[in-house]
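Below is one structure, written out as structure tokens; the observations come after it.
Excluded from the calculations below are hydrogen atoms, water molecules and symmetry mates; all remaining heavy atoms, backbone and side chain alike, are included. None of these values were measured; they are calculated from a predicted model.
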Amino acid sequence: MAWWKRGGKRSIKGPSDGPNMAVDQQAVRRHLTEFARSRRGVEAYVEPPTNVTATTVILIAHDGEWTRRAAGTRDSAFALARSLEVPVYDVLQTGYPNRMREWNSRQRKKQ
């Protein structure tokens with residue numbers, strides 16, 4: 001098989017990147033639910049789509065640890081975040097919390 005051919009079938013139809021990318025909502029929900037349940041003080045931030053990504057949800061724990069996943073549309077991102085029963089913010093209105101930047105800085109220093 002040639003190196004440029006992909007094996008297996010795609011379970012999601014649609015573009016693989018960009019603002020209209022296909023999103024596996026079940027996988028996203030599983031990942032974010034696990035993150036929210038395994039950490040304390042989790043808050044959700046909805047990020048707008050860009051030329052490269054769809055609308056995303058970023059979860060940030062009390063210590064600044066974070067995870068991000070594409071969520072499809074703005075409405076589905078807010079609905080997903082609310083279903084996790086955590087506070088939800090629009091990052092364009094609130095910005096990112098300092099604890100996230102501090103966590104990123106600590107991670108870079110470890111490397």
Side-chain angles (χ1 to χ4, degrees):
M1 179 160 97
W3 63 270
W4 60 85
K5 291 185 181 179
R6 294 181 182 202
K9 295 182 181 179
R10 288 182 64 188
S11 60
I12 300 172
K13 300 204 185 281
S16 61
D17 61 5
N20 297 318
M21 68 185 278
V23 176
D24 182 348
Q25 292 289 343
Q26 290 177 343
V28 169
R29 181 176 299 279
R30 280 191 305 271
H31 175 77
L32 296 180
T33 298
E34 174 59 30
F35 185 91
R37 286 184 181 163
S38 62
R39 288 149 182 92
R40 64 183 175 89
V42 174
E43 296 175 329
Y45 291 81
V46 175
E47 301 173 309
T50 67
N51 290 335
V52 182
T53 65
T55 301
T56 55
V57 174
I58 183 166
L59 297 185
I60 305 173
H62 79 285
D63 62 353
E65 181 182 4
W66 58 273
T67 188
R68 175 185 287 127
R69 290 294 183 271
T73 67
R74 184 178 193 281
D75 290 340
S76 64
F78 274 97
L80 173 60
R82 286 186 191 109
S83 75
L84 298 172
E85 298 179 352
V86 298
V88 184
Y89 305 100
D90 184 332
V91 78
L92 291 178
Q93 294 178 359
T94 64
Y96 298 99
N98 283 336
R99 67 183 184 274
M100 179 183 171
R101 286 185 275 283
E102 292 164 359
W103 188 85
N104 287 339
S105 179
R106 287 190 306 269
Q107 299 309 305
R108 281 191 291 272
K109 288 178 183 177
K110 286 181 182 179
Q111 294 176 357

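- Taken from CD1 in I60 to CH2 in W103, the straight-line distance is 10.5 Å, to the nearest 0.5 Å.
- R40 is linked by a side chain to side chain donor-acceptor pair (under 3.5 Å) to H62, counting only residues two or more places apart in sequence or in another chain.
- A side-chain hydrogen bond (donor to acceptor under 3.5 Å, both in side chains) check over residues 66-85, counting only residues at least two apart or in different chains, returns the pairs R29-S83, H31-T67, H31-R69, E47-R68, W66-N104, T73-S76, R74-D90.
- Heavy-atom minimum distance, V86 versus A81: CG2-O, 3.8 Å.
- For R30, the salt bridge (charged side-chain N to carboxylate O under 4.0 Å, His left out) criterion is met by no residue, not counting sequence neighbours.
- Between T56 and T53, the side chains place no donor N or O within less than 3.5 Å of an acceptor N or O (distance only, hydrogens not considered).
- Scanning all heavy atoms of the two residues, the minimum distance from V91 to P48 falls at CG1-CD, 3.9 Å.
- Hydrophobic clustering places V28 together with F35 (ILVMFWY residues linked when any side-chain heavy atoms are closer than 4.5 Å, directly or through intermediates).
- Note on residues 93-111: pairs passing salt bridge (Lys or Arg N to Asp or Glu O under 4.0 Å), not counting sequence neighbours, are E43-R99.
- Residue pairs satisfying the salt bridge (Lys or Arg N to Asp or Glu O under 4.0 Å) criterion with at least one member in residues 56-67, sequence neighbours excluded, are listed as follows: R39-E65.
- Checked against ring pair (Phe, Tyr, Trp, His ring centres under 6.0 Å), Y89 has the following partners two or more places apart in sequence or in another chain: Y45.
- When all heavy atoms are compared, the tightest approach of P87 to V42 is CD-O, 3.5 Å.
- For A79, the side chain to side chain contact (heavy atoms under 4.5 Å, CB included) test picks out no residue, with sequence neighbours left out.
- Between atom CG of residue L80 and atom CG of residue L59 there is a gap of 8.0 Å, rounded to the nearest 0.5 Å.
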